[in-house]
Student: 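Here it is, the structure in full.
Quantities reported herein were computed from a predicted structural model and do not represent experimental measurements.
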Amino acid sequence: MCGIFGQLNFRPEGIPTDYLPSSYLSSALEAIHHRGPDESGSWENQIVSLGMCRLSIIDLSGGQQPIWNEDQTCCIVYNGELYNFLDLRPQLEAKGHCFKTRSDTEVVLHAYEEWGVECLHRFNGMFALAIWDERTQTLFLARDRIGEKPLYYYKQGNQRLVFASEIKAILTDPTIPREVDPGGLSNFLTFGHSMAPKTIYRHLLKLLPGHYLLASNGEVRIKQYWDVCLGPSVPCNGIYTERDYAAQILDLFNDSVGRRMVADVPVGAFLSGGVDSSAVVALMKNHTDAPIKTFSLGFDTGKANFGKTYNELSDARKVADYFGTEHHELQVGHMDLVETLRTLVYHYDEPFGDPAGFPVYLLSQYAQEQVKVVLTGDGGDELFGGYLRYAIDQLARYYQHLPDPVIHSWIPALASRLPRSRRLKQLTQTLPIVQPALRYAKWLTLFSPEMQAELLNPEINKMAADHDPTMYFSHHYAHFGEHRNQDHLNQLMYVDFKTWLVDVYMEKTDKATMARSLEARLPLLDHRLVELAFQLPSRHKIRRWETKHIFKKSIQSIVPEFVLKKPKHGFSVPTDPWFRGDLKEYAYEVLLDPSVERHGYFNMQFVEKLWREHANGYHAWDAQLWLLLNFELWHRLYIDAA
């Protein structure tokens with residue numbers, strides 16, 4: 001795993017000296033050193049510069065980058081893992097390609113040399129890559145199908161293109177503007193994260209998953225090379241039984257785990273005790289005779305009495321004992337909460353609203369002492385219907401047939417009597433919405449348009465007025481529009497797959513693990529398994545209130561029954577008690593600091609109202625306060641300190 005950086009000068013003769021690649025190539029690589037602390041490499045001329053920081057996983061002694069082909073016409077820097085490189089290498093050797101290393105990176109380079117951009121269709125892996133083709137004077141950038149590895153870029157008119165694995169590397173050039181994009185701010189307040197291709201920065205973009213970019217002669221062309229299709233490739237009835245589908249899932253899942261255990265360094269697993277991570281560990285035992293190292297985290301309840309909600313160490317321990325793993329537990333009690341939060345703000349580059357980055361970062365820090373690679377269970381919920389909101393959304397058509405007074409008066413009045421009942425309040429606001437895309441966006445909304453109108457100062461609100469964050473879910477855009485004739489629940493999972501999964505979970509996992517120089521591999525997101533999952537009608541995934549039905553059926557022979565019956569629980573973070581305890585005074589000092597008012601984004605009276613209502617226990621605004629705190633800390637670091 002690595003971090004990559006590069007720059008292409010379209011008009012080098014017209015660019016001032018301080019714009020040339022050598023001006024800040026070294027500082028850009030230093031900014032992403034944590035992604036690859038083992039070694040770094042670079043190459044540049046007046047037109048193009050390529051650099052990388054390497055975390056050595058495959059071919060430890062021979063895989064240094066950049067790598068050139070035989071006749072020095074193509075050069076690559078690469079961040080990721082190609083899981084089928086051992087399959088592709090003999091094919092390329094049969095076509096006359098000569099290899100100097102044992103690395104998967106060199107296989108990627110020769111595959112491009114042989115098949116051009118069509119090589120992407122042959123890859124099974126997670127990656128962000130950059131290839132300079134000297135023959136055509138073209139820079140080729142690409143991102144993996146699912147979006148496990150990030151890739152950002154900045155285009156300065158027809159002068160230059162800059163790209164990197166992390167935004168901070170691009171921003172080491174002080175001439176690149178740091179301006180908040182009003183639409184990006186609205187996206188963040190609405191959903192708690194950026195919505196690619198937008199970022200929070202006005203001039204910086206993110207390449208979408210399953211897309212590649214070609215840059216030459218001052219032009220940039222972006223094209224999609226892969227998307228998952230909804231619906232069966234063959235008729236379901238009478239062709240495949242549920243047992244057949246379950247067997248196919250397990251077969252692909254097992255192959256995926258095996259491919260992701262190939263490494264020249266120690267490999268372990270994150271284990272929560274839930275269905276997905278337990279199944280990953282179960283299949284890892286098929287591919288090694290050595291004890292598997294597993295790692296779990298829980299927040300110490302202590303005197304705060306957080307309860308089991310924030311500590312699942314006992315569940316993970318039961319699974320570890322069942323499989324006989326070499327298990328390691330991290331119980332987080334007293335810690336420097338503020339310092340850890342500041343560290344995360346630095347590594348995410350943008351304000352990031354998912355507090356689950358906290359435990360992933362701490363667990364990565366802990367696991368990195370013993371392994372260099374971990375397998376995780378991310379992705380199963382979006383593929384196989386693991387979120388309860390999928391099941392609840394089916395109630396909308398029944399709820400909407402209730403009498404108007406019940407929908408608009410009685411139930412909201414009941415919810416108002418229970419101000420800290422966020423779930424009930426969310427149900428009363430969401431289920432009445434008739435349009436499916438808008439209803440689903442509402443499930444994920446943190447600051448509603450009404451709250452944003454109160455929060456944002458009028459000028460900022462006016463600047464953001466032309467941007468509608470729900471457009472990513474609207475039928476006018478691909479996620480609902482292309483597949484509006486497919487079954488409803490699969491549509492919801494597809495939307496999550498294209499937005500929530502990549503912009504939250506992939507971002508969270510990549511940045512938190514790479515901050516500690518740890519590579520995370522996600523076997524449930526093998527594109528073959530993804531394609532199979534979206535061929536399955538949703539009736540196989542959700543049965544009444546049972547989520548992930550077909551997935552549980554596929555793994556019932558390899559995991560203990562207590563895992564299958566365990567209620568779903570992700571990494572829970574005690575932000576609610578934190579904002580009434582350890583973070584209470586700090587949040588007040590930061591959010592009500594005069595500098596926040598000088599920034600001019602927010603109505604300070606409304607911010608103080610949220611803080612007071614949460615601090616006194618009347619409302620639960622911890623999700624909103626977490627967003628505002630992350631935004632302000634990010635602004636101080638990346639905008640004020642520019």
Student: Which label fits Phe562 and Tyr322: parallel for a plane angle under 30°, tilted from 30 to 60°, or perpendicular past 60°?
Tutor: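 Perpendicular.
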
Student: Got a donor-acceptor contact below 3.5 angstrom from the Thr547 side chain to the Leu388 backbone?
Tutor: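 Looks like no, no N/O pair under 3.5 Å.
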
Student: Quick one: do the Tyr440 and Asp496 side chains pair a donor with an acceptor below 3.5 Å?
Tutor: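 A pair is found: one side chain offers a donor N or O, the other an acceptor, under 3.5 Å apart.
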
Student: Report yes or no: is the cationic atom of Arg143 (NZ for Lys, CZ for Arg) closer than 6.0 Å to the six-membered ring centre of Phe127, at no more than 45° off its axis?
Tutor: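 No cation-pi geometry.
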
Student: Is there a donor-acceptor contact under 3.5 Å linking the side chains of Glu531 and Trp226?
Tutor: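 Yes, a side-chain donor-acceptor pair sits under 3.5 Å.
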
Student: Say you draw a straight line from CZ of Phe295 to OG of Ser277; how long is it, rounded to the nearest 0.5 Å?
Tutor: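 One gets 13.5 Å once the value is rounded to the nearest 0.5 Å.
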
Student: Ignoring hydrogens and geometry, is there a side-chain-to-backbone donor-acceptor pair from Arg89 to Phe85 under 3.5 Å?
Tutor: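 No: the side chain of Arg89 does not pair with the backbone of Phe85.
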
Student: Hey, is the main chain of Tyr346 close enough, under 3.5 Å, to the side chain of Lys168 for a donor-acceptor pair?
Tutor: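 It does hold such a pair.
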
Student: Are His34 and Glu166 close enough that a side-chain donor and a side-chain acceptor fall under 3.5 Å?
Tutor: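 Yes, side-chain donor-acceptor contact under 3.5 Å.
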
Student: Do His110 and Glu93 make a side-chain contact, defined as non-hydrogen atoms from C-beta onward lying under 4.5 Å apart?
Tutor: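 His110 vs Glu93: side chains apart.
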
Student: Is any side-chain heavy atom of Val371 less than 4.5 Å from a side-chain heavy atom of Leu518?
Tutor: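 They are in contact (side-chain heavy atoms under 4.5 Å apart), so the answer is yes.
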
Student: Evaluate the criterion ring-ring contact (aromatic ring centres under 6.0 Å, His included) for residue pair Phe497 and Phe534; output intermediate values, then yes/no.
Tutor: CA-CA 10 Å; Phe497 177 74; Phe534 279 106; 5.5 Å; yes

Student: Is there a donor-acceptor pair closer than 3.5 Å between any side-chain N or O of Asn79 and the backbone N or O of Arg35?
Tutor: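 Not confirmed, Asn79 side chain does not pair with Arg35 backbone.
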
Student: Could you check whether Lys293 makes a cation-pi contact with Phe323, meaning its NZ or CZ is under 6.0 Å from the centre of the six-membered ring and within 45° of the ring axis?
Tutor: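 Judged by the rule (NZ or CZ under 6.0 Å from the ring centre, within 45° of its axis), Lys293 is not positioned above Phe323.
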
Student: Distance to the ring centre below 6.0 angstrom and angle to the axis at most 45 degrees; does that hold for Arg389 and Trp500?
Tutor: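 The answer is yes, since Arg389 meets both limits relative to Trp500.
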
Student: Would the distance check show the side chain of Thr241 and the main-chain N or O of Asp244 forming a donor-acceptor pair, the cut-off being under 3.5 Å?
Tutor: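 It does hold such a pair.
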
Student: Hey, does the side chain of Arg54 reach the backbone of Glu39 with a donor-acceptor pair shorter than 3.5 angstrom?
Tutor: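 No: the side chain of Arg54 does not pair with the backbone of Glu39.
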
Student: Does NZ or CZ of Lys508 lie under 6.0 Å from the centre of the six-membered ring of Phe352, at an angle within 45° of the ring axis?
Tutor: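 Relative to the ring axis of Phe352, which defines the angle, Lys508 lies outside at least one limit.
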
Student: To the nearest 0.5 Å, what is the distance between CZ (Arg543) and OG (Ser538)?
Tutor: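 Interatomic distance, Arg543 CZ to Ser538 OG, rounded to 0.5 Å: 10.5 Å.
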
Student: Between atom CG of Leu55 and atom NE2 of His33, what is the distance when rounded to the nearest 0.5 Å?
Tutor: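 It is 10.5 Å, given to the nearest 0.5 Å.
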
Student: Look at the side chain of Ser364 and the backbone N and O of Val360, then say whether any donor-acceptor pair between them is shorter than 3.5 Å.
Tutor: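 Checking the backbone N and O of Val360 against the side chain of Ser364, a donor-acceptor pair under 3.5 Å is found.
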
Student: Will you find, in the side chains of Asp59 and Ser103, an N or O donor that is under 3.5 Å from an N or O acceptor?
Tutor: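 Side chains of Asp59 and Ser103: no pair found under 3.5 Å.
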
